[in-house]
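As the structure is a computational prediction, the values presented were derived from the model and not from experiment. No hydrogens, no waters, no symmetry mates; every other heavy atom, side chains included, goes into these values.
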Amino acid sequence: MKEETHYDMKRILLMFAGIFLIGMCVASYRMSGFGVDAFSCMNLGVSGFLHMSFGTWQLLINAVLLIIVWFTVRYCIGLGTIVNMVFVGYTADFLCWLFVEQIGLSATVPVRIVLLLMGTLFASLGCACYMIAQMGIAPYDSVTFIIVKYTREKLPFRFARMLSDFVTILLGVSFCMMAGNRVWEILGLGTVVNAFCNGPLIQFFRDRIEAILKK
């Protein structure tokens, strides 16, 4: 019983750590000014078009995706799914407010580069943590598993993730342009780096963390 309790506690801690890292990832990308991750790119583009807060729109689109996930890859849904839906967007909003408006973070080029690297690291490490926790993953992350399922696993995870990322980037840019907003505030080097690196890096960290947990 003690071993099971200890195992469950590790899963819960991994879940919350992963979700907080994702919130830090989104905030880091936004503050870097080099573009954001793919899902945030779409959400910032659409929320700007609708004149809605990023956190509120992200919660709404996650609810829609959750319905799709329920009918396709239901095993991806759990407590972590709900926590992710509610907290990632608002965590990013809070961190941006804290560091930019309250602390007055200086957006020099070296600082922006560090934030870009941090965002890339937090994105993949965060996803790996809460995927390993197996307490449910974000609706958007579940889209990759939907693609893998309906291609009958002919498309590996890392390529399925890249496909979903590129589609969401296209949607984000389209809505941003229709709103007349500056595309380069959401699309940039960080977006490209995330789209190409996130899938492979998630797999890398999943393998390493799982190996550590088995020891």
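- Smallest separation of non-hydrogen atoms from Asn43 and Trp57: OD1-NE1, 3.0 Å.
- Using a 4.5 Å heavy-atom threshold, the side chains of Ile209 and Leu125 count as touching.
- Between the side chain of Thr191 and the backbone N or O of Val36, at least one donor-acceptor pair lies under 3.5 Å.
- Nearest heavy atoms, Val73 versus Ser142: CG2-O, 4.0 Å.
- Residues Leu187 and Ile169 meet the side-chain proximity criterion, which asks for heavy atoms closer than 4.5 Å.
- Nearest approach of Leu201 to Ser124, heavy atoms of both residues: CB-CB, 3.4 Å.
- Within the 4.5 Å cutoff, the side chain of Tyr29 has no heavy atoms near those of the Ser40 side chain.
- Taking each heavy atom of Gly172 and Ile186 in turn, the nearest pair found is O-CD1, 3.7 Å.
- Annotation: side chain of Thr56 is in contact with side chain of Tyr90 (closest heavy-atom distance under 4.5 Å).
- A salt bridge (charged side-chain N to carboxylate O under 4.0 Å, His left out) check over residues 194-207, counting only residues at least two apart or in different chains, returns nothing.
- Sorted by first and then second residue, the salt bridge (charged side-chain N to carboxylate O under 4.0 Å, His left out) pairs with a member in residues 31-42 form an empty list; sequence neighbours excluded.
- With sequence neighbours left out, Arg182 forms a salt bridge (Lys or Arg N to Asp or Glu O under 4.0 Å) with Glu185.
- Contact of the Gln58 side chain with the Val26 side chain is not registered, since no non-hydrogen atoms from C-beta on lie closer than 4.5 Å.
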CA sep, side-chain torsions, deciding dist, call: Ile77, Val69, side chain to side chain contact (heavy atoms under 4.5 Å, CB included): CA-CA 8 Å; Ile77 298 175; Val69 173; 3.8 Å; yes

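- Counting heavy atoms of neighbouring residues, nucleotides and ligands inside a 6.0 Å radius, atom CZ of Phe71 does not exceed 12 of them.
- Looking at Phe39 and Leu65, their side chains come closer than 4.5 Å, going by heavy atoms from C-beta outward.
- For the pair Ala38 and Thr168, the tightest heavy-atom approach, listed with the atom from each and the gap, is CB-OG1, 3.4 Å.
- Here Phe87 contributes atom CZ and Phe16 contributes atom CZ; the two are 7.5 Å apart, rounded to the nearest 0.5 Å.
- A centroid separation of less than 6.0 Å is found between the aromatic rings of Phe145 and Phe157.
- Not counting sequence neighbours, the partners of Arg30 by the salt bridge (Lys or Arg N to Asp or Glu O under 4.0 Å) test are Asp93.
- Between the CD1 atom in Ile147 and the CG atom in Leu163 there is a gap of 4.5 Å [rounded to 0.5 Å].
- A distance-only check finds a donor-acceptor pair linking the side chain of Lys149 to the backbone of Thr72 [under 3.5 Å].
- Here Leu105 contributes atom CG and Met31 contributes atom CE; the two are 6.0 Å apart, rounded to the nearest 0.5 Å.
- Annotation: the span from Arg11 atom CZ to Cys129 atom SG amounts to 14.0 Å, rounded to 0.5 Å.
- For the pair Met52/Leu60, a side-chain contact is recorded, criterion being any heavy-atom separation below 4.5 Å from C-beta on.
- Note that the CE atom of Met42 and the CG atom of Leu170 stand 11.5 Å from one another [nearest 0.5 Å].
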Please table the atom pairs, donor to acceptor, closer than 3.5 Å between any side-chain atom in residues 107-119 and protein atoms at least two apart or in another chain.
residue	atom	partner	partner atom	Å
Arg112	NE	Ser32	O	2.6
Arg112	NH2	Gly33	O	3.3

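- Contact annotation: the side chain of Cys127 never approaches that of Phe205 to less than 4.5 Å [non-hydrogen atoms, C-beta and beyond].
- Taking a 6.0 Å sphere around CE of Met177, one finds it holds 12 or fewer heavy atoms contributed by other residues, nucleotides or ligands.
- Hydrophobic clustering keeps Val148 apart from Met131 (ILVMFWY residues linked when any side-chain heavy atoms are closer than 4.5 Å, directly or through intermediates).
- Screening residues 162-180 for salt bridge (charged side-chain N to carboxylate O under 4.0 Å, His left out), with sequence neighbours left out, gives Arg161-Asp165.
- Note on Leu171: it clusters hydrophobically with Val46, by side-chain heavy-atom contacts below 4.5 Å among ILVMFWY residues.
- Closest approach of Ile22 and Ala123 over heavy atoms only: CD1-O, 3.4 Å.
- To the nearest 0.5 Å, atom CD1 of residue Ile68 and atom CH2 of residue Trp70 are 15.0 Å apart.
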